[in-house]
Amino acid sequence: MATSSILPNRQVPPATRLPPRSLLVLGLPICLGALLLAMLTSIAFGAAEINATTVWQAIVNFNPENTNHLIIQTLRMPRAVTAALVGAALAVAGAIMQGLTRNPLADPGLLGIEAGAAFAVVGAVFLFQINSLGTYAVFAFAGGGLTAIAVYGLGSAGHGGPTPLKLTLAGAAISALLSSLTTAIMLFNQRTLEEVRFWLVGSVAGRDFALIGQALPYLVIGLGLALVLGRQITTLNLGDDIAKGLGQSTVWIKTFSAIAVVLLAGVSVALAGPIGFVGLVIPHVVRFFVGVDYRWIVPYSMLIGGTFLVLCDVIGRVVARPSELAVGVMTALIGGPVFIALVRWKVKR
Amino acid sequence: MHHLKRYYLLGLLLLALVTLSACIAPAANPAPATADTTPTPVAASATEALSTTVTTVTAPTPSTGPATIQHEGGETTFTTVPQRVIVLEYSFADALFALDLQPIGYADDGVPAYLLKLLKATTAEPVGTRNEPNLELIARLKPDLIIADTTRHTTIYAQLNQIAPTVIFDSYRGSYETQIEIFEKMSQIFHKEALAKQVIADARQAFTAAQKLAAGHERNISVGVLAGTGFTAHSNASYMGTLLAGLGLPTALEPLEGKSQFLVDLEGIVTLKPEAIVVTCSPEDRGLWGEWTSKPVWQQLDAVKNQRVYVFNRDLWSKSRGLLSLHLVLRDAETSGLLAGESSRSVTCPDAVEE
């Protein structure tokens, strides 16, 4: 059990850490409410001053001739939805990665998904001079997916199958290689750097519902897999031997978990570019409140991850009006201190 | 074992780098730098290509005593006229050509086409990018003057100054008038004040002619660059902002925290309520242009409905900022219908302008 805490050798009595089931059930609608509230805040806020009544009218009684309604419907709503979906997907992907590798510092980046996506996009911009969010998304998803498969393949080679250590090493090696190549291309070709530098930070600005629609099926499958696998990941988290002893087919669980991570993180990077910290920090925050059972960690990560990213996006727009800070900057600015506070608290115990 | 893996990685990376550099290495301009006297008159054909700007070609004036120049890095005194000049921003290259001189080295990360044509006619060599000038290449050319920009080169100013006397100006974030002041200072270094006066007079004359065309069509505009994944708006303190304001086309956007240009979203443009929109972009950005202009909010803008969106080449309009490029910019502004307040004739991001 203790493996999910930041210091694995420190014993945390799990029985006292688990909140009662009724509280956990009650918490879900509260978190859902928080997410909806954050999304409403995001929709109500922007460069144009639009009063609350108009915002509400735009949602319930949309008039395509009205510029304010169009701003709400075609600019702000897709943005809020993108942030919510990407936040949810990243947090869940991070939670699964941490459970799968029994590494508290794991996040989707460990499978090389972000590095692979960045390399594919930068390479495509350089070679084919593509330049639209729609085509970026296709290359990002393909690049992230292929890299994850390569990492997983390399990490599974040899006897013993995919062990956490081998996966971590393979991921680190391939990520390092791809990141250097990405940097090399950008240094050689200034134009490419200019084109992709905002995408590379991670942003949810300018996304539309068409793009979200393309991403949605993958997201639904990924989140569905994660919810179904919650029980098995909890068991797997106890160690391969115990899981096997309890009659689990660990190879299949690991493979399906990896597929879920690739779908979730791949779609996230396709929609919003590489956004760090959400996948690392949110599962820890969630575990802090709901304990170590992945049947609860997954849905809570979904809701809290979504809320977190939506709020980061709102704050990024408030602090630098009328310009904005990309959401990828904000997640690190806010996620960093939260993570340090969490580590300090755990060390003290 | 661990080391082996690292060497393996390193080897792979090196291999990849070599392959990459082979792909990217500039195909042209293999001419080695011969140490001939550099500030020779520009080839006549190259000058003629740039309309009537440089009409009189004065013989190299002998040095008339030392010249002391005030710039952002302090004060530099030149006892002799520099012969081997390296420019690290495009506007400085433009200024040299306007002064009938030429550089021996220039920063290159996509030189505007009209300038590249002039540079190709010389023996000047690229010395890295504007963001990362290659100090070794610069030193190898043995310059006796380097002209740098505050935005990109303040951090390496000391190193540049060790290689050769370096003057540093704020061209990148400077207004239209700032560019003219910089041009005047540069002319003092080379004792070319007389020629500079005439170049400036030519520019002012062309500007006044454009103002006359625009008279009676004064409108609020938004101006910016469409690149990457968004729109970088240029405020009323930027080069493009001040240039267009001088023509009776002001933008309401104020600078933000000292930045004269910054990213805004579509909503930001809506709040400015522009009567016309000036967008600059590169041919590679046509995909983005299509995406951007198909947004319902964009199509709902008055300027779009009234066909008052004027699209120009980004390299020429926002990267050049020179007195030679000014004539090309003004010609663009006239032919597009922008000055006379006519319907826009532009469709998408235009190709590079060569002459």
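The structure displayed is predicted, hence computed values, not measured ones. All values below were derived from every heavy atom in this structure, side-chain atoms included, with hydrogens, water molecules and symmetry-related copies excluded. Lettering follows sequence order; numbering is per chain, from 1.
- When the candidates B:Pro296, B:Gly128, B:Gly290 are compared by the number of heavy-atom contacts under 4.5 Å with chain A, B:Pro296 comes out ahead.
- Chosen from B:Asp108, B:Leu272, B:Asn131, the residue pairing most often with chain A at heavy-atom distances under 4.5 Å is B:Asn131.
- Of the N and O atoms on the side chains of B:Ser171 and B:Ser91, at least one donor lies less than 3.5 Å from an acceptor on the other residue.
- Contacts of A:Thr74 with chain B are made by side-chain atoms alone, with heavy-atom separations under 4.5 Å and no backbone atom involved.
- Per-residue counts of heavy-atom pairs under 4.5 Å with chain B were compared for A:Glu49, A:Glu65, A:Arg76; the largest is that of A:Arg76.
- Of the two parts of A:Leu75, only the side chain, counted from C-beta on, holds a non-hydrogen atom closer than 4.5 Å to a non-hydrogen atom of chain B.
- Partner B:Ile277 forms a side chain to side chain contact (heavy atoms under 4.5 Å, CB included) with one of B:Leu301, B:Thr251, B:Asp302, B:Val311 and no other, that one being B:Leu301.
- Comparing B:Glu284, B:Arg286, B:Lys259 by how many heavy-atom pairs each has under 4.5 Å with chain A, the most go to B:Glu284.
- Comment: A:Arg79 engages A:Asp313 in a salt bridge, judged by a side-chain N to carboxylate O separation of less than 4.0 angstrom.
- A search for ring pair (Phe, Tyr, Trp, His ring centres under 6.0 Å) contacts involving B:Tyr239 returns nothing, not counting sequence neighbours.
- For the salt bridge (charged side-chain N to carboxylate O under 4.0 Å, His left out) test, residues two or more places apart in sequence or in another chain that qualify with B:Arg130 are B:Glu89, B:Asp109.
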